[in-house]
Amino acid sequence: MRYAKLAKADLPKLFQSLKGYGEVFAPVEERGKLFFKKVEDLKEVKLAYTRTLLPPKKLFLQPEEEIMSYEGESYTEKLDGRKAVLFGVHACDINGFLKLDRVFLDAPRDEYYARRRENTLVVGITCVPDKYCFCTSVGSGYASGGFDLFLHDLGKEYLVRVGSGEGYRLSKQDYFKEAGEAEVKLAAKLEEKRAGKLRRKINLMGMGDLIETEGKEGWEELTAKCLACGTCNLVCPTCQCYDVSDLLTLEVRKGTRVRRWDSCMLKRHALVAGGLNFRPTVVERTVNRLSCKVGEEVRCVGCGRCTVYCPAGIDFVEMLSAVRGEAR
Amino acid sequence: MKIEVEPLARVEGEGGIEVEIEGNQVRDVKFNLFEGPRFFESFIKGMHYEKVPDVMRRICAICTCSHSMASVKAVEDALGVKVSRQTELLRDLLIHGEMVESHALHVFALALPDFLGFPSVVHMAQKYPKEVKGALQLKKAGNLVHNLLTGREVHGVNERVGGFATLPSEEDLKRIKEAMQLNREVALLSVKLFSSFELPEAPKSENTFIAVDPGKRFGYFGLRHAASDGESWDVHDYRKYIKEKTVKHSRAKHSSYKGRPFMVGALARLRLFGERLEGEAKELFRQHRAKLDYENSISNNLAQAIELVHSVDRCISDVEELLSSGLRKEEPVEVKPKAGAGTASVEAPRGVLIHSYRFDAKGRVVWADVITPTAMNAANVDKDFRVAAPRLMKNPKELERVLEIIARAYDPCISCATHLVRIKRV
Amino acid sequence: MNELLPRQAKVLKVEEQTPIEKLIQLDVFLNHKPGQFVEVSVAGVGEAPISICSSPTRKPTEVCVRKVGRVTAALHRLSPGDRVGVRGPYGNGFPMERMKGHDLILVSGGLGMAPLRGVLQYALDHRREYRELLLLYGIRDYSLMLFKDEVMKLMDSKDCRVYLSYEKEDEVCKNLKKKCPERVCEGVVTKLFGMVDLNPDGYVVVCGPPVMYRFVFKELMDRNFPPERVYMTMERRMKCGIGKCRHCVVGAGTSMRYVCKDGPVFTGVDALQIKGLIG
Amino acid sequence: MKPRVGIFGFTGCAGDQLMILNLEDELLDLVGALDLKSFTMASSAVEDSEYDVAFVEGSITTPKQKQKLEEVRKKAKLLVAIGDCAAWGGVQASCNGILTVGEKMKEVYGDEKVWEIYESKPLSAYVKVDFVLPGCPIEKEEFLRAAASLLRGDLPEAVDYPVCVECKLRENGCLMLEGKLCLGPLTVGGCKARCPSLRVDCIGCRGVIEGEARVKSAMQVFKEAGFKPDYVRARLRMFAANYPEILEVKG
Ligand SMILES: Cc1cc2nc3c(=O)[nH]c(=O)nc-3n(C[C@H](O)[C@H](O)[C@H](O)COP(=O)(O)OP(=O)(O)OC[C@H]3O[C@@H](n4cnc5c(N)ncnc54)[C@H](O)[C@@H]3O)c2cc1C
Ligand code: SF4
Ligand code: SF4
Ligand code: SF4
């Protein structure tokens, strides 16, 4: 990897260069909530933050988007070639991108996701963990790839790790300085210190088998408060499910095809015509969700969103600890 | 012989007119409102003050904002809530927006077809596409106010006890102003049209009017009621003046003032406070004074048209006032529940609307009373029918047509008549 | 290329198979494998995964659609000359090559006949490359039998031995049973296993309604048939058909599969390993 | 041939019919695409006819309405309930099972049995309903799209996910976490989370998700959040008192 150094005072310069590349989306705080939003000025950006409500994947796989329009029976795709920058992304969310990349970039690739992903610069930044984060337990506390630049806060300056050609070009600008062993060592030490603050731990050893064999009664107890509202999926940086609908206009011959994030906690997810539902209750749906996140492979990146935003206060980590048989 | 016009089309809700004729005599006229009752005043009991307006605004769709405002203000009255000047202005904008929407719909889509001889606005659109499209755009401008201030056209969500949950943006307000300016012509057109029609003379008779006293400037909010006989009273005392009772011959609960029927609505507002209009609306009011026949209830349509111009202009000036000081970020006023009673009265498009509640210490409704303009007008419609019917006896077709026009001139919103239903006593 | 964008296909012919199923011929070249499916779009209504029910050795491409919901009802309204959108073919399909040189036992119930017809046609068109060819077909009654002419013709042919079970007796079924009582019976499709000799060196290919798999598979396991020689094609809710939308995912814990891209054809081993695959 | 359509209103506020009239930009096209046989709110031209689609608003509260509804049902190929009153009985049903009609009548008119009326029930209590467009009032866009589907001969796609989904898609912070009682999790989506998007808790105007809504779980969550049972009951009943699980909720 290539390394560089950026004085904090020069951050506005980097921000300007990024603006030259495309629209910049960065974490912004409004009424105590954090969102990735289009920004014009670095001042609007919240550089030190815990987590945004929706993960930044929303830029690549949009919550609701028109994917094509049709007239008669002929379809026209609606691809988006705009250039954009995602500024201030945390390691867990970048690791989330990598997980989604494997879904949407693997052949046959999803053009909508792929184009946006390709046209978007990702600039990572050191995070501020809170008591809900557990990225270190799922191996996503550090981003080894998936970004163009990653800014490690060293106090007065940033160690900049350069992860792509575009990142390289940016880092060639005169306000970047050379960095080497010393800065990397310092960054590693600080990262370690930050990771050490994470109290939340989850043991995933054999979790898939534990999930598979947990009895119905156990699940019913664990999901007693679940409202099946879908929030846990919709805020997750690694959920990929989507639904598709055709929207007709009065003109009848014309309309659009839209896709929308879906949730496997909802009724329709596994429902087929005639009323047969392959995951009829919250129990089956929870088993499916957890299996998807941590059963077969670890897709969870430990961001804590599903716990923080659950209206019923169900805790992802506690639920899995209970499945393991550990006291809460 | 029995003439029945049923259901009375182009009236929101279901209503019918029944005229019983014996020989040469009109034996009975019934303006029937046979829609199923909903008992809002009964089932609202126990509801927490904060959600009371959410239920009560559902009394009527077409004047949902009036119900919303009357309900919100009655709750605030009971709990001693004072709102900011900005909130008051936004509410004034809102109620004027509703007036634009409701009057545009009524004047053009419901009343005009009568005068031009079409069964509906859709039929009328074939011959007058430009006018109908214009009217729809004016109506849309009114709805834009609903949308941007309350969250949707019907049964808003954003207007709360204490203020607005989320403020509109300045851009939103500018859009309202633009839409109003763009469609102002249509409001003027409505005055031109309705001042040119010859009105059927049949219902001509004395009318008593009641309206909410708007204070210095013409408008739809106020703390007192005024009557055309010179009397006025605090809205809290409404029960002393406006009596509701069951009238045997018509089997409906009728309102009376000093034992007599009275009229509320646009005509009443102009009769009592027309001089407080401003700008072009005032000019139009003066110009068409001769045309506004207070003894002929059908004049209400022209009064509505003049109010349409007033309301469009007021929306514009409210927006200007809001923008000139800049929208301040503010949250709804904090409310502490307590025991108490409160009353508020606003001018709905069709006239005086009263909401009155009593709350327990936890802020739950223990008693509620709502009197709607349609209920207040019912006795007056009845009176007009009784006057008009004998005059039109010779021509049953004409009788039917004119009675419909009379009924429709009141813009009766039947669904909003919470307890205006016929009661049969044996 | 945008994989989600449907191509247009002209409808050549629409033929009523049963009161609820129609055979639709499409003017589209797919180069598919038997057992694969396409996503068929009706603009303004939506998309649905539908098996290709003809063999790649035959033209034109055919699908057989049961009217059960919005898209399928719209497909039933089509007439020749209309156009639909098509994507695919998707899914793994049946391993026609691997099964060569062996017995082929097709077990089908109801609409399950649709994907198996492709297999059947393929095997018939390469008749000498397969050994015994058996079709075990369970229907409700004759009126609901798919591909009636083809099945009836096969009943009398030597290329394939057809076994038929029916749940409700009617004239045709009664006569068939009288004619060949060793191959026709009343009951569910599993009853037919009592009439055949299963060569453990053969391959069993199954398609039917979701509830059928469990019973057929049990029957096979009870007879010690090797699970890796059983192929079953599955149905699940689907939106994309290419492993993105994740509606069709099956399994729990350590093994999860996409029906659309890892299937829709699964083996008996999968059935043993993937929780809930066959219920 | 243009599809024959009837629009009917029973007990309610007429808000759903008004929402149709509120389609200012599309109204004339819509009406042009239909053979509108009856729409009493907008036209005095009423034709007796069979209907390809009948849109029915309002709940049924009188014998006469019941009779009329049955008539419409007989003449209509498809009957679509529009609005919460038609779908669930509306706000006027909110005291069903607590107050009898007689008691309400007495309270408002001072007389217990003045004439025959029924407890407010949805249309489906009396006739088969083919499709429901929920909401108090209905959503304009949803109506338009549904009308377009119906014109083509397709049943529209029904929304069966909760308001929370649309709330999250709009990146609203959850109001439950701010201490408000929000009915979003139990309520049919499709309104684009109107209320929570304005920071107002959902009052459930689109009705409960039939067979899906986790009423018991919600009760537990609300209880743990400190809401009193009578408040929870009143809130749940506002638009869905006729939903069996909610009808049973004790205050
Ligand atoms: C691999 C595969 C092959 C199939 N082959 C055939 C076939 O050859 N003939 C046939 O008639 N049917 C087949 N089906 C079933 C067919 O896809 C459904 O009947 C159809 O999707 C129902 O759609 P609908 O819009 O009519 O029903 P609705 O109930 O209105 O469904 C709406 C949407 O849900 C999804 N959906 C509903 N049911 C199913 C289902 N069973 N499977 C997948 N998605 C579903 C679809 O995306 C559909 O558009 C197959 C399904 C799969 C998965
Ligand atoms: S499962 Fe929960 S904690 Fe894990 S990545 Fe998704 S939202 Fe974050
Ligand atoms: S605010 Fe209401 S609708 Fe939105 S997520 Fe929370 S509970 Fe659901
Ligand atoms: S958020 Fe709830 S109350 Fe508001 S419109 Fe939607 S369903 Fe109705």
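Letters A, B, ... are given to chains in the order of the sequence lines, protein chains preceding strands, and every chain is numbered from 1.
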Undergrad: Go through the atoms of D:L30 and report whether side chain, backbone, both or neither lie under 4.5 Å from a heavy atom of chain A.
TA: both
Undergrad: Measure D:R152 against the heavy atoms of chain A and call it side chain, backbone, both or neither at under 4.5 Å.
TA: side chain
Undergrad: D:A218 versus chain A, heavy atoms under 4.5 Å apart: side chain, backbone, both or neither?
TA: both
Undergrad: For A:K267 and D:E210, which heavy atoms make the closest approach, and how far apart are they?
TA: NZ-O, 4.0 Å
Undergrad: Check A:C229 against D:V165 and note the closest heavy-atom contact, atom names and distance.
TA: O-CG2, 3.6 Å
Undergrad: Are A:R260 and D:E157 ion-paired here, with the side-chain N under 4.0 Å from a carboxylate O?
TA: no
Undergrad: Please report the closest heavy-atom contact between A:L34 and D:E171, naming both atoms and the distance.
TA: O-OE2, 4.1 Å
Undergrad: Please check: side-chain N/O of D:R214 versus main-chain N/O of A:A228, any donor-acceptor pairing under 3.5 Å?
TA: no
Undergrad: What are the two closest heavy atoms between A:Y309 and D:L177, and how far apart are they?
TA: CA-CD1, 3.8 Å
Undergrad: Around atom OH of A:Y132, are there more than 12 heavy atoms of other residues, nucleotides or ligands at under 6.0 Å?
TA: no
Undergrad: Counting only non-hydrogen atoms closer than 4.5 Å, does A:L234 touch chain D with its backbone (N, CA, C, O), its side chain (CB onward), both, or neither?
TA: side chain
Undergrad: Quick one: SG on D:C182 to CG on A:L227, what's the gap to the nearest 0.5 Å?
TA: 10.5 Å
Undergrad: Any side-chain heavy-atom pair from A:T231 and D:M176 closer than 4.5 angstrom?
TA: no
Undergrad: State whether A:K33 and D:E178 are salt-bridged, where the test is any N-O pair (Lys NZ or Arg NE/NH1/NH2 against Asp/Glu carboxylate O) under 4.0 Å.
TA: yes
Undergrad: Relative to chain D, which of A:C226, A:G32, A:S263 shows the most heavy atom pairs under 4.5 Å?
TA: A:C226
Undergrad: Enter the distance from A:C232:SG to D:K168:NZ here, rounded to the nearest 0.5 Å.
TA: 11.0 Å
Undergrad: Looking only at heavy atoms and a cut-off of under 4.5 Å, which of D:L169, D:V215, D:V221, D:L186 has the most pairs with chain A?
TA: D:L169
Undergrad: Taking atom CG of A:L248 and atom CG of D:L144, what is their separation to the nearest 0.5 Å?
TA: 10.5 Å
Undergrad: Around D:K180, counting heavy atoms of other residues, nucleotides and ligands shown, do more than 12 lie under 6.0 Å from its NZ?
TA: yes
Undergrad: What option among D:E212, D:E224, D:Q220, D:M219 has the most heavy-atom pairs under 4.5 Å with chain A?
TA: D:E212
Undergrad: Could you check whether any side-chain heavy atom of A:L53 comes within less than 4.5 Å of a side-chain heavy atom of D:C174, counting everything from C-beta outward?
TA: no
Undergrad: Relative to chain A, which segment of D:D154 carries a heavy atom at a distance below 4.5 Å: side chain, backbone, both, or neither?
TA: neither
Undergrad: Between D:E141 and chain A, which part of the residue has a heavy atom less than 4.5 Å away: side chain, backbone, both or neither?
TA: neither
Undergrad: Counting only non-hydrogen atoms closer than 4.5 Å, does A:S245 touch chain D with its backbone (N, CA, C, O), its side chain (CB onward), both, or neither?
TA: both
